[in-house]
Number of protein chains: 2
Amino acid sequence: MVRYGRERKQVTRRRIIEAAGRRFKADGIDGSGIAALMADAGLTNGAFYAHFDSKDDLVAAVVADQLREQREGLSAAALGRAGAEQMLRQYLSIGHRDDPARGCPSAALLDEIARTADPTRRAYTEGVLAVIDDVAARVAPNDPRSARARTLSIYALMVGTLQLSRALADRQLADALLEQGIQSALTLLDAAERT
Amino acid sequence: MVRYGRERKQVTRRRIIEAAGRRFKADGIDGSGIAALMADAGLTNGAFYAHFDSKDDLVAAVVADQLREQREGLSAAALGRAGAEQMLRQYLSIGHRDDPARGCPSAALLDEIARTADPTRRAYTEGVLAVIDDVAARVAPNDPRSARARTLSIYALMVGTLQLSRALADRQLADALLEQGIQSALTLLDAAERT
DNA sequence: TGTACATCAGTGAACGCGCGTTCACTGATGTAC
DNA sequence: TGTACATCAGTGAACGCGCGTTCACTGATGTAC
């Protein structure tokens, strides 16, 4: 009954999700039309509904996928404080700030995600907790439960800093903020260790 | 030559800007239509272009106005560390999180502002620096220049924390993050003082 | 003081356009015999 | 091995709708005489 290879449609679905991720992060969710992101995926608009029920359905899938990707990217980081600092410096780099389309979904879309309906916000919550618990386990493996809240708080600092650096029209100030963000995050990390 | 009272049109313009501020923060900039926000202001869509050149023009005006309002609100805060803590607790409160329309424009719109054209980003930069320099002067009046970068960094933490708390579908976790955000901000404040 | 007039903030219908979504169709694929 | 057929991912035109913007008009206002 399966006419084409079983995975073939899944591969296309994945291509749409990845193209949408890039589009959404570059132009916003509201700012990205179905036709444009299907063209990015090398398809026409009509094919969209063979893969998703609606744009909202896609948004939830994209949010989940983006956070899974972020989690995988962060898993490559080294352990301990040195690893944490390296990760911070990469996240709060000029390169990351100037390339939202390939960067952190939270930095690009967090306030838009906050306005979405429950399914998307649940996908976001689940995804971000997976990221945070993963990072917390690597950076502070000894700390038990409170690591989640503290790591989440540092994540909030990172996200807010990148967003603010992107919004500032003064490049020098925007760059200085990134560096200050790294220092602030390290301060929080060390304060947590000391407790 | 002035037919109506000189201020009359300015009063209407202000009403539009304030209505737009609420709408934008509730539904996003892309998510808010001219007709809807003019209706909020008690007018019809056509009158819009007697006050603004374009939607972009309005957005820049709203961003400037919102930050001026935030600056005025923060000027009421008490001085010193106690004042800072009180301000933090108000910003990172459940009430503020659950009422974006009347809250901080950065928390509601920062990633959308980051995607806007230069005039709006310049208005944002100017406005946020006025807020930050004002707060820095009140909270750490002795500290000279580096206060700006540090205060900006704490602002980024506050904004990121509120956004993240709004996006999380788990209410208990969202509440805990606000409290952790207050602790993190105080840690950064104290670390700055110590230097 | 009363009337004709000029002003202009605001009205509301209309514009072209792109949105999310639907649908009749195509054509490459693998199956059945 | 070859041919007729069923499947279904993808096409592309069309749908109603709301968007930002334009414009001919209205009617309340204050001015001129």
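All values derive from a computational prediction rather than experimental measurement. Quick note: numbers below take in every heavy atom, side chains included, and nothing from hydrogens, waters or symmetry partners. Here is how names work: the chains are called A, B, and so on, in the same order as the sequence lines, proteins then strands, and each is numbered from 1.
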Task: Watson-Crick and G-U pairing of DNA chain D, under 3.5 Å, as dot-bracket with | and [ ] - done: .||||||||||||||||||||||||||||||||

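- Atoms CZ (B:R14) and C1' (C:dA9) sit 18 Å apart, rounded to a whole Å.
- A:D30 pairs by the side chain to side chain contact (heavy atoms under 4.5 Å, CB included) definition with A:E112, B:D30, not counting sequence neighbours.
- For the contact set between residues 25-40 of chain B and DNA chain C, defined by any heavy atom under 4.0 Å, there are no members.
- Partners of A:R22 under the side-chain hydrogen bond (donor to acceptor under 3.5 Å, both in side chains) rule, at least two apart in sequence or in another chain, do not exist in this structure.
- At a cut-off of 3.5 angstrom, the base of C:dT11 holds no donor-acceptor pair with the side chain of B:N45.
- Atom CZ of B:F52 is separated from atom C1' of C:dA9 by 14 Å (rounded to the nearest Å).
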Return the polar atom pairs (N/O with N/O) between nucleotides 23-25 of chain C and the protein under 3.5 Å, or none.
none

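- As rounded to whole Å, 14 Å separates atom P of C:dA9 from atom CZ of B:R15.
- Side-chain proximity of B:T44 to D:dT29, C:dG12, D:dG10: nearest is C:dG12.
- With sequence neighbours excluded, no residue satisfies side-chain hydrogen bond (donor to acceptor under 3.5 Å, both in side chains) with B:R138.
- Between the CD atom of A:Q10 and the P atom of D:dG10 there is a distance of 11 Å, rounded to whole Å.
- Distance, B:F48 CZ to D:dT21 P: 7 Å, rounded to whole Å.
- Among the nucleotides C:dG10, D:dT21, C:dA9, the one closest to the side chain of B:K9 is C:dA9.
- Considering only the side chain of B:S54, D:dT21 comes nearest among D:dT29, D:dG10, D:dT21.
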